[in-house]
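For reference, the structure I am asking about is given below.
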Amino acid sequence: MVDPHDRSDRFELIAACEGATLAQFANDVLEDDPPLSVRQEPRPQLLMQQVCDPVERRPFNLGEVLVTPAEVELEGTRGFAMVPGKGERAALSGAIVDAAVAAGHEETPAIVAALEDVAARRREQRRQDWAQSKHTAVEFETMEGQE
């Protein structure tokens, strides 16, 4: 189960969240004009995607993917986000959202609820994808007496 209060899970959910939703929450957090400093400007960059070989369980570099990271400090609490693709606004908003949840900002319950919705949609999408792909499974018959 994914927990938006767990920072690693929150990073994943922020990356999967729609940019407009992140921007709305960031605007809500910044409404009272709290002290905010941008520690890492959101700039698209390439990141090496590493995966694990399913047979030998050894990691290898699959290739580069485009991501946009950002880091902020909001009222003394750091926030970070990395979104897939070119998404400066989403990355900056996500970093603000991360800092707000980490600091227990008054918007935290609404943010957590939205991130839990993202997690539920992802689970449902994975369930649907699995349901579609299981029809492609091949079953092999054992032929006794033949080698």
Exercise. Shortest non-hydrogen contact from Glu116 to Pro4?
Worked result: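 Closest pair (atom of Glu116, atom of Pro4, distance): CG-CG, 3.5 Å.
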
For this session: Work out which heavy atom in Ala114 is nearest to a heavy atom in Phe25; give both atom names and the distance.
Result: CB-CE1, 3.5 Å

For this session: Find the distance between CD (Gln49) and CZ (Phe60) and round it off to the nearest 0.5 Å.
Result: 10.0 Å

For this session: Would you give the length of the straight line joining atom CD1 of Ile14 to atom OG of Ser93, rounded to the nearest 0.5 angstrom?
Result: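 The OG atom of Ser93 is 10.0 Å from CD1 of Ile14, to the nearest 0.5 Å.
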
For residues 62-78, dump all side-chain donor-acceptor pairs below 3.5 Å to protein atoms at least two apart in sequence or in another chain.
| from | atom 1 | to | atom 2 | distance (Å) |
| --- | --- | --- | --- | --- |
| Thr68 | OG1 | Gly85 | O | 2.7 |
| Thr68 | OG1 | Gly87 | N | 3.0 |
| Glu73 | OE1 | Arg39 | NH1 | 3.3 |

For this session: With side-chain contact (heavy atoms from CB on, under 4.5 Å) as the test, would you mind laying out the steps for Thr108 and His5 before giving the verdict?
Result: CA-CA 9 Å; Thr108 297; His5 291 286; 4.2 Å; yes

For this session: State plainly whether one hydrophobic cluster holds both Val101 and Phe11, where clusters connect Ile, Leu, Val, Met, Phe, Trp and Tyr through side-chain heavy atoms under 4.5 angstrom apart.
Result: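 No; tracing contacts between hydrophobic side chains, which count when under 4.5 Å, never links both residues.
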
Exercise. Do you know which two heavy atoms are closest between Ala95 and Ala81, and how far apart they sit?
Worked result: N-CB, 3.3 Å

For this session: Could you tell me whether the side chain of Val29 reaches within less than 4.5 Å of the side chain of Val97, counting heavy atoms only?
Result: no

Exercise. Got a donor-acceptor contact below 3.5 angstrom from the Asp98 side chain to the Phe80 backbone?
Worked result: yes

Exercise. Looking just at side-chain N and O atoms, do Glu124 and Gln128 make a donor-acceptor pair shorter than 3.5 Å?
Worked result: yes

Exercise. Is Ile96 reachable from Ile111 through a run of I, L, V, M, F, W or Y residues, each pair having side-chain heavy atoms under 4.5 Å apart?
Worked result: yes

Problem set entry | side-chain contact (heavy atoms from CB on, under 4.5 Å) between Leu47 and Met82, worked out | CA-CA 11 Å; Leu47 178 73; Met82 183 181 298; 3.9 Å; yes

Exercise. Between the side chain of Asp32 and the main-chain N/O of Pro34, is any donor-acceptor distance below 3.5 Å?
Worked result: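 Side chain of Asp32 to backbone of Pro34: no pair is present.
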
Seminar exercise, completed: Rounding to 0.5 Å, atoms CZ (Arg10) and CG (Asp6) come to a distance of 8.0 Å

Problem set entry | Atom of Ala15, atom of Pro84 and distance for their closest heavy-atom approach |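 Nearest heavy atoms, Ala15 then Pro84: O-CD, 3.5 Å.
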
Problem set entry | Any Val118 side-chain heavy atom under 4.5 Å of Arg122 side chain |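 Yes - at least one pair of side-chain heavy atoms lies under 4.5 Å apart.
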
For this session: Of all the heavy-atom pairs spanning Asp53 and Val55, show the shortest one and how long it is.
Result: OD1-N, 2.6 Å

For this session: Looking only at non-hydrogen atoms, find the nearest pair between Leu22 and Ala90 and report the distance.
Result: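 Taking Leu22 first and Ala90 second, the nearest heavy atoms are CD1-O, 3.7 Å.
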
For this session: To the nearest 0.5 Å, tell me how far Glu12 CD sits from Arg7 CZ.
Result: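 Rounded to the nearest 0.5 Å, the CD-CZ separation comes out at 15.0 Å.
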
